[in-house]
Amino acid sequence: MDVTNFSSQPHWRHCYRNICTDNFVERKHSFPSPFTTSFKTHSRTKKITMSSEVVFNLEYLTRLEESARTLESTPQQRSEMMFKAQREVDAYLEQLSLDHPTGWVIPPKETQGQDKLVQPGQYQVQSGPNQVQSGPDQVQSGRGPHETEPLPIQENGVSIDEVLRDFSRIGNEMEREGHPGHMAYVPGNSTAPAAIGDFLAASFNPYSLNVASCRRAVKMQQMIVQWVGRLFGYPSACAGNLTSGGTVATMVAMTTARDHKVPRSKDYSRSVLYLSELTHDGVAKCLSTLGMREAVVRKVPVDDKYRMDVNILRKFIENDVQNNLLPFLVVATTGTTDVGSVDPVPAIRAVATQYNMWLHVDACYGGFFVLCNSAKHLFEGVETADSIAVDPHKGLYAPFGTGLVLVRNGTLLRNSNTRQHGNYMQDQLTNPEDWNPEDLTFEQSAHFRAPRVLLPLQLYGVATFRDALQEKLELAKYLYLRLKGQAHIQVVEPVLSTVLFRIPGVSDNTNRALLREITTDGRFFITTTTVKGVLYLRVIIFCYRTHRQDVDVFINKVKDAVVKMELPEVEFCHAG
């Protein structure tokens, strides 16, 4: 390194003066950066006296540097780690068509529609995923036979083989939501390009929430937000952000609603939030985080099609106004988690407008079905909503931790979240006209989420995702029609990709026994739900690996399970 050039760098001028003053000689290195240059003294102690009080030990610093350089992996090391990691991923993905969707390693009796023999007693199923938690220091109170403790954090590192071998055990101790037989909750899925997107985001590691830090990263995120806005018919003046999930997206929207409709905290206790009885529980949870725990929550009953009853909503609001309460927010859902039903957004919008309320639409599960021509009519009126929450980690098959919030009037969102930089950032060049993501959410230093959404869309094209989602709508319809003709089965006609069915005229315990019979060999994972006081078996067809042959196997399991229960002969019953 040339000393003259070194002294010309402002960050190192002070250091250079100290070195020259103490007459030390530069140690010759070919390091690429001045940050890696070190010096030694002519003395045997290799210490620099920086002043009369401070002694600096260069030998100690050198040892620290040598250790710290372990973090600077070489291309060969990165290739080796990636190769070995990919090998573990491939091994896991190969198991998805063989193992139980909750991670219990047993081969199914049927695979891809074909029978497969299982030797009696050869495999065991664990006692179930619903183990009770017993405190913050324990994950679950029980441990299955395959569970192990994670590799501990130690003072010294271990080999990549040991690390990956330990991590890969997670595949046997998790719900495999990418399994074609996982038809519970709203299963998350992730594609290979999404995983590559996360790898690229973590490797380049830009600060993606500020134009001054990385304009291109901001543009990538804004492109996704604006594209989703256009899907729902929002104007270009909308704004939004990628979030860690639907609950955070909802919280950002509700914060904007609160600041706009209830600007004084003294009014929080008389503010009223209106939900349907099928609204996701994450919405009400947000009130506590927002400091509105005292706010009133009204749960509006649903009609016979499981949609919010707008007449009852109006009566609730009228009564609250008469009692000097402040209706400020109503949440409509396009794709309820329990049923997949869609609230009448245009009618709810009319009520919200009449009473000067904010309308938020929860489209977390159902939102990206707007891509499908057969479902577009279900989203009529969403373009008038004040805000929308939707989950790319559902309908776009991004990894968990990918939500998106949209606010129709972007200025309102910005007003609620504008960051006031600390003094340490006073030298950063800023433009007031820039719409930085950090000014559109409470998050800062967030993960660069855009690549996990953008890369799959760029690589596969929107048409592929449209077809995958349309296939799920068709499979739900197919399941409904096949079950509709079965004796002893009552089935609810699906709106999206969720199908409810039950044995009518029997106890809930009998229907739970049907659930156990269907899932006992581990080929499928479904659950129950209770809607309007009635217990149903619930199937959601959402995994992109689930296809017709999987649904055929499931239908056969339902038929066989009903036969085993030896129910009396009855007429077909399919009314929902």
Side-chain angles (χ1 to χ4, degrees), residues 1 11 27-38 61-96 148-174 176 178 188-210 213-221 223-224 242 244 392-393 396-402 445-460:
M1 176 183 292
H11 295 292
R27 176 183 291 174
K28 299 299 182 181
H29 285 289
S30 58
F31 295 137
S33 164
F35 291 92
T36 60
T37 300
S38 61
L61 178 61
T62 300
R63 291 200 304 270
L64 293 177
E65 177 185 322
E66 291 173 353
S67 179
R69 281 183 174 278
T70 305
L71 301 175
E72 302 174 23
S73 58
T74 66
Q76 181 179 354
Q77 289 172 327
R78 290 193 293 272
S79 296
E80 179 184 359
M81 287 189 287
M82 291 301 298
F83 172 77
K84 292 181 176 181
Q86 184 61 50
R87 188 171 58 193
E88 298 295 337
V89 170
D90 290 342
Y92 166 72
L93 293 178
E94 287 173 4
Q95 289 179 247
L96 282 181
T148 58
E149 289 297 321
L151 187 69
I153 300 171
Q154 305 173 94
E155 187 67 21
N156 297 310
V158 297
S159 70
I160 184 64
D161 299 276
E162 186 173 351
V163 170
L164 291 174
R165 185 166 54 250
D166 176 76
F167 179 86
S168 298
R169 294 191 178 106
I170 199 172
N172 294 329
E173 302 175 18
M174 62 180 279
R176 292 174 173 161
N189 298 263
S190 180
T191 63
I196 293 171
D198 264 359
F199 168 70
L200 292 172
S203 298
F204 282 80
N205 200 32
Y207 181 72
S208 59
L209 300 185
N210 191 298
S213 297
C214 186
R215 179 176 295 273
R216 190 170 188 82
V218 172
K219 282 186 174 181
M220 291 170 70
Q221 179 160 301
M223 182 168 65
I224 295 169
L242 289 170
S244 64
H393 68 214
L396 293 183
Y397 305 122
F400 277 130
T402 319
S445 303
H447 176 66
F448 182 28
R449 301 182 178 109
R452 58 165 61 176
V453 178
L454 195 57
L455 264 66
L457 286 169
Q458 291 172 326
L459 183 63
Y460 295 138

Looking at [X] and [Y], would you say the former's side chain and the latter's main chain have a donor-acceptor pair under 3.5 Å?
X    : Y    : value
R452 : A398 : no
D166 : L151 : yes
S168 : R165 : no
Q77  : T74  : yes

So which atom in [X] and which in [Y] form the shortest heavy-atom distance, rounded to 0.1 Å?
X    : Y    : value
P392 : V453 : CB-CG2, 4.0 Å
P451 : M220 : CG-CE, 4.3 Å
L164 : A85  : CD1-N, 3.6 Å
A217 : S208 : CB-CB, 3.8 Å
P193 : L459 : CG-CD2, 3.5 Å
S445 : Y207 : N-CE1, 3.6 Å

[atom1]-[atom2] distance between [X] and [Y], expressed to the nearest 0.5 angstrom:
X    : Y    : atom1 : atom2 : value
N205 : C214 : CG    : SG    : 10.5 Å
H393 : S244 : NE2   : OG    : 9.0 Å
N189 : L396 : CG    : CG    : 11.5 Å
F199 : R78  : CZ    : CZ    : 8.0 Å

Residue pair Q458, L455: steps toward the side chain to side chain contact (heavy atoms under 4.5 Å, CB included) verdict: CA-CA 5 Å; Q458 291 172 326; L455 264 66; 4.2 Å; yes

Over 12 foreign heavy atoms within 6.0 Å of CD, Q154: yes

Over 12 foreign heavy atoms within 6.0 Å of CD1, I153: no

Distance-only side-chain donor-acceptor flag, H447 / D198, under 3.5 Å: yes

Between R449 and T402: side-chain donor-acceptor atoms closer than 3.5 Å: no

Residues E80, K84: salt bridge by 4.0 Å N-O rule: yes

Pair E72 + R69, salt bridge at N-O below 4.0 Å: yes

